[in-house]
2 protein chains.
Amino acid sequence: MPVSKQPRNQHVRTRRDHATELAEDYVEAIDDIEREKGECRVTDLARQFGVTHVTVNRTVSRLQRDGLVETQPYAPVTLTRRGQRLADQSRKRHEVVLQFLLALGVSEETARVDAEGIEHHVSDETLRIMQQFTASQ
Amino acid sequence: MPVSKQPRNQHVRTRRDHATELAEDYVEAIDDIEREKGECRVTDLARQFGVTHVTVNRTVSRLQRDGLVETQPYAPVTLTRRGQRLADQSRKRHEVVLQFLLALGVSEETARVDAEGIEHHVSDETLRIMQQFTASQ
DNA sequence: CCGGAAGCGTAGCCGGTGCTACGCTTGCAC
DNA sequence: GTGCAAGCGTAGCACCGGCTACGCTTCCGG
Ligand SMILES: [Mn+2]
Ligand SMILES: [Mn+2]
Ligand SMILES: [Mn+2]
Ligand SMILES: [Mn+2]
């Protein structure tokens, strides 16, 4: 996977980060829920994200349109191969950011919350540096 | 200013961060541009954010509705007292995050871009820790 | 086997944030 | 003073991602 070119304009990059954010968080959550209870239901996602099942429904439809998940009426939501790959990548990056915040001395609860937003704005360079920092602690 | 209660759910917090993000970035940009060239024009903001002047127009209207900026047709955009206060706070936080990334060893260009997104997801606790880290370097 | 609770789907609403197309206003060069 | 380029405003479009209201499906306990 080639590293996508970074826009010169920082706001353009941030908007791009946000455009992919929900997809990353959803596939990660689906993977988590599958691991924990065998299957992922719309209701599980609604609880996870603090939104109604209606919002989840339409988000899942978009993800299906984009080839990241599969779902049928009244059936669980599953990841496609592409979705699984994205989930793996997203979890890895999320974990690096979380462990970095903890290594820095941030409390568990705050680190958990902050990492959820920060993870999407960390470039490859910064991610490597965070990883090194955590390892060196 | 009392510290607003942090939601239990990390995604709820992240959504809240995003809801205030554009306002923070706009007032900060308006303040920057005023400092640099005396007045802030719609076109300046369009260039700064990498969007069309139409998008800026409607965003500025919302900011005016919310009491953060003042503007009249064909006139510069100015900050209200509330807008100026928000700009000051936002700049301070932005600067702490940027200096932290630099202290961590991230290159200038990457730090500039990453900080633009990260700044909105850093809680007070994490901000303090970042500040201490930077000072201790 | 069946009734009710939980889960799910859909219609229709809203605000936000991007765009193109098009025409008006302003200010400067000449 | 005029004309033109840059700036600006507005209409109208699209997609995203929240919501309530309402009705259908599933599945489990008795
Ligand atoms: Mn995540
Ligand atoms: Mn996240
Ligand atoms: Mn920003
Ligand atoms: Mn963000």
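Letters A, B, ... mirror the listed sequences (proteins, then strands); counts begin at 1. Note that these values count all heavy atoms, side chains included, but never hydrogens, waters or copies made by symmetry.
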Salt-bridge present (A:Glu95, A:Lys92; N to O < 4.0 Å): no
Atom-pair distance (NE2 on B:His53; P on C:dC22), nearest Å: 14 Å
From C:dC8, D:dC13, D:dG7, nucleotide with atom closest to A:Arg41 side chain: C:dC8
Any B:Thr52 side-chain nitrogen or oxygen under 4.0 Å from OP1 or OP2 of C:dC19: yes
OP1 or OP2 of D:dG17 under 4.0 Å from side-chain N/O of A:Thr55: no
A:Asp66 CG - D:dG17 P separation (whole Å): 10 Å
Interatomic distance where OH belongs to B:Tyr74 and P belongs to D:dC8 [whole Å]: 9 Å
Atom pair distance, as rounded to whole Å: CZ in A:Arg16 and P in C:dT17: 20 Å
Sugar-phosphate, base or nothing in reach of A:Arg47, heavy atoms under 4.0 Å: nothing
Selected nucleotide, minimal atom distance to B:Val54 side chain, candidates C:dT20, D:dT20, C:dG18: C:dT20
B:Gln84: side chain to side chain donor-acceptor pair (under 3.5 Å) partners, not counting sequence neighbours: B:Asp31, B:Asp88
Sugar-phosphate, base or nothing in reach of B:Thr43, heavy atoms under 4.0 Å: sugar-phosphate
Residue closer to the 5' end of DNA chain D, A:Arg62 versus A:Pro73 (nearest nucleotide): A:Arg62
Whole-Å gap separating P (D:dG9) and CD (B:Gln64): 10 Å
Check ion pair B:Asp32-B:Arg35 (N to O, under 4.0 angstrom): no
Touch class at under 4.0 angstrom, heavy-atom based, for A:Val42 against every strand present: sugar-phosphate
Distance-only donor-acceptor check, side chains B:Asp114 and A:His121, under 3.5 Å: no
Sugar-phosphate, base or nothing in reach of B:Arg15, heavy atoms under 4.0 Å: sugar-phosphate
